[in-house]
Amino acid sequence: MTKAIYLDNAATTRINDNVLRAMTEAMQRDYFNPSALYTPSVEISTEIRRIRSEICAALHAPEGELYFTSGGTESNNTALFCTRKPKGGRIIVGMGEHDSVYAPANELKAQGYDVCFAPINRDGTVDVGEFEKLLNENVSLISIMHASNETGGVNDIAALVRLAKRRSPNCIFHSDGVQATGKISVNLRTIGVDLYSISAHKIHGPKGIGALFIKKGVSVKPLLFGGGQEKGMRSGTESYPSIVGLCEAVKLNIEDKFADNYSKIAKYREIFLKKLTSEISEIQIITPIENSVPNVLTVAFKDVRGEVLLHSLEKYGIYVGIGSACSSHHESRFKGLLGLDDRHRDGIVRFSFCEENDISEIDYVVDCIKRELDVLTKFKRV
Ligand code: PLP
């Protein structure tokens with residue numbers, strides 16, 4: 001088979017070689033339980049503390065604590081279920097949130113909380129006017145994602161936090177930063193959130209590790225109880241190699257290579273978009289290009305199912321995503337929301353790039369899409 005052209009980096013990324021090397025070394029050499037009392041364990045637990053501060057510094061976090069979790073899903077579940085929430089208090093969650101926020105919000109609704117879903121614009125970002133209408137003094141928790149996994153659209157979290165804290169002074173504001181971290185600059189001090197979720201595998205780190213930042217003074221109970229690791233916030237023997245992997249991925253993507261990667265990926269998307277729109281007619285662009293992470297390009301093709309196109313591109317070794325917008329249980333939530341006409345609404349495809357993609361592959365990818373569309377839409381054209 002020819003070399004794969006992987007264009008689904010918003011789903012997950014290939015682990016970086018340096019990250020893997022650092023993890024392998026940690027696995028083989030530093031296998032001690034960080035909670036044990038002998039010297040190698042104490043050294044590991046000191047190193048975990050150092051890594052915590054290094055990641056906080058990379059995120060420009062204010063005073064607070066970063067807790068390691070098993071990934072974005074656990075961080076988001078902790079934010080939703082474990083923050084202080086008086087019964088009867090209102091919870092506001094964006095309508096376009098990832099399932100790891102949306103499903104807990106529905107569970108809280110089933111438990112009797114007043115859960116409101118903030119409507120989104122056609123580009124997947126929260127409609128600020130509609131969001132404002134939901135605010136009142138009883139709001140206890142708000143969760144709005146930083147960047148959308150469906151469209152790449154970026155919410156102005158700083159503005160939403162300011163608005164929320166003015167109208168709902170007692171609210172805790174959480175943001176799911178899984179798709180934003182490493183893609184746009186994140187400064188937790190200036191955006192002012194109380195809680196922020198990150199995940200390693202979206203930035204060339206390992207799967208199964210992420211973190212939740214909790215600002216000082218914000219009360220959050222543990223989701224998992226047990227041996228009391230992570231200052232009691234997250235029991236379970238720390239996965240030191242994964243923590244090392246997260247740290248290396250953060251160093252690489254947020255500190256060392258951020259600017260280089262950003263311009264390379266943005267350039268790739270610009271050329272890809274130009275080629276796609278010049279070669280393929282009647283395509284609708286869903287991603288708000290000027291207000292998005294640089295790595296995502298979500299489009300809707302006419303008269304074809306995104307899923308069918310996805311599979312037909314596999315034979316060329318081209319892997320793309322359809323996000324969750326096309327899966328059947330998301331129908332009511334997304335398809336209507338993105339404002340597509342009947343002939344485009346099933347044709348959503350999410351291309352997502354990384355710095356390992358090469359501009360020289362674009363012509364081939366677009367030619368393959370064109371060839372497949374010609375076959376797949378032959379009988380639908382009038
Ligand atoms: N939040 C967003 C926006 C995501 O895109 C994802 C993964 O697709 C998650 C949360 C879940 O993260 P994880 O896979 O680390 O549990």
Item to check | Contacts of Lys275 that satisfy salt bridge (Lys or Arg N to Asp or Glu O under 4.0 Å) - sequence neighbours left out | outcome: Glu279, Asp363
Checklist entry - Looking at Glu282 and Arg343, does any basic side-chain N land under 4.0 Å from a carboxylate oxygen? => result no
Checklist entry - Ion pair present between Glu54 and Arg50, side-chain N to carboxylate O less than 4.0 angstrom? => result yes
Next on the checklist: Against the six-membered ring of Tyr113, is Lys87 placed for a cation-pi contact (under 6.0 Å from the centre, within 45° of the normal)?
Outcome noted: yes
Checklist entry - Taking only residues two or more places apart in sequence, or in another chain, which ones meet Arg166 in a side-chain hydrogen bond (donor to acceptor under 3.5 Å, both in side chains)? => result none
Item to check | Phe225 atom CZ, neighbour heavy-atom count above 12 within 6.0 Å | outcome: yes
Checklist outcome for this item: Those residues at least two apart in sequence (or on a different chain) that pass side-chain hydrogen bond (donor to acceptor under 3.5 Å, both in side chains) with Arg84 are none
Item to check | Counterpart residues, side-chain hydrogen bond (donor to acceptor under 3.5 Å, both in side chains), relative to Lys165 (two or more places apart) | outcome: Asp194
Checklist entry - Any chain of hydrophobic side-chain contacts (each under 4.5 Å) joining Ile157 to Val178? => result no
Item to check | Tyr316 with Ile369, same ILVMFWY side-chain cluster at under 4.5 Å | outcome: yes
Next on the checklist: Taking Gly236's backbone N and O only, do any of them form a donor-acceptor pair with Gln229's side chain (distance below 3.5 Å, no angle check)?
Outcome noted: yes
Checklist entry - Can any side-chain N or O of His204 pair as donor or acceptor with the backbone N or O of Arg14 at less than 3.5 Å? => result yes
Checklist entry - If we ignore angles and hydrogens, is there a donor and acceptor under 3.5 Å between the side chains of Asp341 and Gln284? => result yes
Next on the checklist: For Lys257, is there an ion pair with Glu355 - N to carboxylate O distance below 4.0 angstrom?
Outcome noted: no
Item to check | Check: Ala180 main-chain N/O paired with Lys202 side-chain donor or acceptor under 3.5 Å | outcome: no
Checklist entry - Are Tyr268 and Glu361 close enough that a side-chain donor and a side-chain acceptor fall under 3.5 Å? => result yes
Next on the checklist: Whether the Thr12 and His201 side chains hold a donor-acceptor pair (N or O, under 3.5 Å, no angle test) is what I'd like checked.
Outcome noted: yes
Next on the checklist: Holding to side-chain hydrogen bond (donor to acceptor under 3.5 Å, both in side chains), I want the full list of residues that pass it with Thr287, two or more places apart in sequence or in another chain.
Outcome noted: none
Next on the checklist: Between Phe32 and Tyr240, is the ring centroid distance below 6.0 Å?
Outcome noted: no
Checklist entry - Mind checking whether Ile203 and Leu59 sit in one hydrophobic cluster, side chains of I, L, V, M, F, W, Y counted as touching below 4.5 Å? => result yes
Checklist entry - Side chains of Ser197 and His174: does their closest heavy-atom pair fall under 4.5 Å? => result yes
Checklist outcome for this item: Across all chains, not counting sequence neighbours, the side-chain contact (heavy atoms from CB on, under 4.5 Å) partners of Lys221 are Cys82
